Amino acid sequence: MRFNPKARLDTSRTSGGGGRGGFGGGGGGARIPIPGGKAGGGIGTVIVLLVFFLITQCTGVGPQVLGDGGSSSSIGTGTFGGMQGAEGGETGDFGACKTGEDANNDENCALVALENSMTGYWDSQPDLAGRFQPEQSVHVFTDQVQTGGCGSASSSVGPFYCPADQTIYLDPTFFDSIFEQLGGQDTTFVRAYVLAHEYGHHIQNLLGTMGQVRTQQGPDSDAVRLELQADCYAGMWTAAAENDGFVEDITDQDITEGIDAAKTVGDDHIQSRATGRVDTSSFTHGSSEQRIAWFRKGMTTDSIADCDTFKARDLDNP
Ligand SMILES: [Zn+2]
């Protein structure tokens, strides 16, 4: 996966990242234990849930702005504080991200380019006409983070979307764990897939889909349907991203590796309480195959109606 070197990056919705010099480093912070090791055959087994998502406790809470000073505390090593429209203001590690060329050379900047591409895609999506607004922020943190309405979270929970502040929270050590699981592969598209999935949750938030979630557990539960729909939305972006001005190319190999990553997070979401405490008894169990099937389904369509997992009778066959 490569970015258009001439693309101009907008860092106004990317924040944090001060605690670590980019995604590729060894990094401190909590490692997420993943069973299975490097053997490719470990894929397919249900693996520790890494991506973490807050639903019920945040519904009904109005969006809160993570503006300058808004919730800018220093927890762990992260640098907090909004960057929205902050020309010359606090820019964390993203301030050096000017062009697609930077994105090709720096994982933090790649995150900016990906965010810009996704925002551009959904902003022009006809089904969302009049309803779209970008997420408040993609916030990179290490160790621990205080959200604007979804409690606090630690590194061990992995990436998640908080509906209350419309912010995607990413802990880079999550990717280290995935790449370890995949046997050392380190591709930008894996990050793209994860971000696109979380962006999918933002779209669901805008559309009110999250409020429809009633059942939290079980293979046909609303919670699983919500996850599979986010994968489908990720597929929609993937198919449209190439040559969108930010993304120069996405190869079949990229997609294969992204799907491998999807397998490693087969059952990916942890229901959490507002406190950020993880309750293992409320794990949901979607299958890897289903995630891939819905991601691929998304790649075949540009209509969000085709990603309606809530109406699907057979989640195995979108
Ligand atoms: Zn999710």
Side-chain angles (χ1 to χ4, degrees), residues 32 46-59 114-115 118 122 135 138-139 145 147 150-151 153 155-171 174-175 177-178 190-213 215-238 258-259 261-273 276 278-280 282-298 304 307-310 312 315 318:
I32 305 165
V46 176
I47 297 175
V48 176
L49 311 195
L50 295 174
V51 187
F52 146 72
F53 174 57
L54 305 149
I55 307 172
T56 52
Q57 67 279 7
C58 291
T59 53
L114 290 169
E115 189 281 335
M118 289 170 199
W122 289 109
E135 89 290 358
V138 174
H139 188 88
V145 69
T147 69
C150 296
S155 290
S156 60
V157 301
F160 66 97
Y161 174 76
C162 173
D165 62 9
Q166 301 192 15
T167 294
I168 294 167
Y169 292 89
L170 277 174
D171 163 27
F174 169 80
F175 295 111
S177 302
I178 286 190
V190 172
R191 295 183 174 89
Y193 163 75
V194 170
L195 187 64
H197 173 94
E198 299 305 333
Y199 211 110
H201 285 314
H202 175 60
I203 300 304
Q204 292 170 324
N205 192 22
L206 293 178
L207 295 175
T209 315
M210 288 183 167
Q212 300 170 18
V213 173
T215 51
Q216 302 288 342
Q217 293 178 67
D220 294 318
S221 65
D222 292 344
V224 166
R225 291 174 192 272
L226 197 73
E227 295 313 319
L228 296 176
Q229 186 177 59
D231 282 329
C232 192
Y233 289 168
M236 287 176 66
W237 167 78
T238 299
I259 285 173
K263 289 176 181 172
T264 69
V265 292
D267 179 19
D268 69 335
H269 282 81
I270 298 169
Q271 307 299 325
S272 174
R273 301 298 169 215
V278 174
D279 179 4
T280 53
S282 65
F283 279 25
T284 56
H285 295 271
S287 78
S288 303
E289 289 73 21
Q290 287 174 333
R291 298 202 62 179
I292 293 160
W294 283 98
F295 178 78
R296 289 197 182 282
K297 171 77 172 182
I304 60 172
C307 290
D308 192 347
T309 53
F310 291 85
L315 289 174

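Just so it is clear, the structure is predicted and the values come from calculations on it, not from any experiment. Atoms within each ligand, like the ligands themselves, are counted from 1 in listed order. Hydrogens, waters and symmetry mates play no part in the numbers below; they use all other heavy atoms, side chains included. Residue numbers count from 1 along this sequence.
Atom NE2 is the N/O/S atom of His201 found closest to the Zn ion (ligand 1).
With sequence neighbours left out, Ala293 forms a side chain to side chain contact (heavy atoms under 4.5 Å, CB included) with Pro318. Listed by chain and residue number, Met1, Leu114, Phe189, Trp237 satisfy the side chain to side chain contact (heavy atoms under 4.5 Å, CB included) test with Ala192 (two or more places apart in sequence, or in another chain).
Each of His202, Gln166, Gln204 was checked for a side chain to side chain donor-acceptor pair (under 3.5 Å) with Tyr161, and the lone residue meeting it is His202. A side chain to side chain contact (heavy atoms under 4.5 Å, CB included) with Arg225 holds for exactly one of Asp308, Leu315, Thr215; it is Leu315.
Not one N, O or S atom of Glu198 sits under 2.8 Å from the Zn ion (ligand 1).
Atoms OE1 of Glu227 and NE2 of His197, as seen from the Zn ion (ligand 1), are separated by an angle of 100°, to the nearest 10°.
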